[in-house]
Amino acid sequence: MASASRTPAPPSARPASSRVQSMLDLVGNTPLIEITRLRAGIPSRVRVFAKLEGFNPGGSVKDRPAVWMVRKGLESGALREGKTILDSTSGNTGIALALAGVVFGYPVHLVMPENVSVERKKIVCAYGAAVTFSSPLEGSDGAIRLCRKILEENPERYFKPDQYFNPVNPLAHYESTGPEIWTDTEGTITHFVAGLGTGGTVMGTGRYLKERNPKVHIIGVEPDDAWHGLEGLKHMASSIVPGIYHEEELDRKINVATDAAYETVYRLGSEEGLVVGQSSGAALVAALQVAREIDEGVIVVIFPDFGDRYLSTSLWIGWHDWQERRSRPSTVPQR
Ligand SMILES: Cc1ncc(COP(=O)(O)O)c(C=O)c1O
């Protein structure tokens, strides 16, 4: 692989944009960028690359499983005329399903915790999806339970992709994310790092990479505490464990504190020019930890989305604001 260059290619050297049939043709083939500045303590022969899933048309890694699950539903006949797509989602899957529903021509009904970011709620509505809110105190598990109840009351009406239990979720990553990473690293990847939500990304991508090279280390990242601020990630020990998640397939799991993840998000924006969501910050904390432990290697970390859909959340208001006040001696808050 050529070493990283900081000079952007002139517009004339960039490939001409391609014509597409629908937004769904733009899912996948996301860029891989090298992290070149947040490298303190990392040996020179260790390289860290981030896969920018925010470039998917629905703005996140979740476009992949959403499109795969809807397509499979249509192929199997489980999704057909008269059905509504129903699922529980902490946000990104809902946006992705809402987009897929519009393009394939099916109504979408989502169940999400009331406290997901206002940006996410508004994007889902912009795609025309119906939303039922579950208790903010019960997190994504509350949304899962309420969604099951809605389905039980009217099973004939809905097609439920069921991202937590549907093997097509990891399959999407096995068939797209994994091959893209293998190609873009020219088969040199040694470590793959991804956050754990449903586990679809780490399972599917991990399986593909292990098949290509069984020595690739597969590393899952989760919050270090049940009460965390890492939207999109699950603390498995205190959650309903997704049926598609098989921890024994991981080589390692790294727990990350919310504070460390937020700090890394801020540094990514101001030092690398990458404004991402909190789960990307958490994944990079883990990737940098691994990078400091080895002498040589190519680490690929998934950045599931960009930061603009969290502007109203504690990522950019609460915690950051507190940090700012803390840095001004006259207004240091008393704790
Ligand atoms: C922001 C964000 N990060 C990470 C994840 C985890 O991805 P997965 O469900 O594939 O484990 C999700 C999933 O919803 C997410 O929305």
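Whatever order the structure lists ligands and atoms in, that order sets their numbers, starting from 1. Fair warning: this is a prediction, and the values are worked out from it, not measured in the lab. By convention here, the first residue in the shown sequence is residue 1.
- Looking at ligand 1, you'll find an N or O of G199 within less than 3.5 Å of one of its N or O atoms.
- Using a 4.0 Å cut-off between heavy atoms, N92 contacts ligand 1 through its side chain alone, with no backbone atom that close.
- When heavy-atom distances to ligand 1 are checked against a 4.0 Å cut-off, Y245 has no atom that comes that close, whether in backbone or side chain.
- Listed for the D141 side chain is a donor-acceptor partner under 3.5 Å among the backbone atoms of I240.
- Geometrically, ligand 1 and P304 share no nitrogen or oxygen pair separated by less than 3.5 Å.
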Check against salt bridge (charged side-chain N to carboxylate O under 4.0 Å, His left out), E119 and R309: CA-CA 5 Å; E119 291 87 344; R309 55 184 50 171; over 6 Å; no

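- Interface atoms of ligand 1 facing L233, defined by a heavy-atom separation under 4.0 Å, are 4 (C).
- No donor-acceptor pair closer than 3.5 Å links the side chain of T205 to the backbone N or O of V202.
- No part of N169 comes within 4.0 Å of ligand 1, judged by heavy-atom distances.
- A donor-acceptor contact closer than 3.5 angstrom links the side chains of Y310 and D305.
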Verdict with supporting geometry, Y262 and S314, side-chain hydrogen bond (donor to acceptor under 3.5 Å, both in side chains): CA-CA 9 Å; Y262 282 22; S314 60; 3.2 Å; yes

Identify each donor-acceptor pair in which a side-chain atom of residues 147-161 lies under 3.5 Å from a protein atom, sequence neighbours left out, and give them as a table.
residue, atom, partner, partner atom, Å
K160, NZ, D162, OD1, 3.1

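- Counting heavy atoms closer than 4.0 Å to ligand 1, residue D305 contributes side-chain atoms (C-beta onward) but none from N, CA, C or O.
- Side-chain atoms of E53 and N56 include a donor-acceptor pair closer than 3.5 Å.
- Aromatic pair F55/F306: ring centres closer than 6.0 Å.
- The distance from ligand 1 to the heavy atoms of T201 drops below 4.0 Å at these ligand atoms: 7 (O), 8 (P), 10 (O).
- Residue T198 has at least one N or O atom closer than 3.5 Å to an N or O atom of ligand 1.
- The closest approach between Y310 and ligand 1 falls below 4.0 Å for a heavy atom of the residue.
- The shell of residues lying under 4.0 angstrom from ligand 1, judged by heavy atoms, includes G195.
- Each of the atoms 1 (C) of ligand 1 lies under 4.0 Å from some heavy atom of E231.
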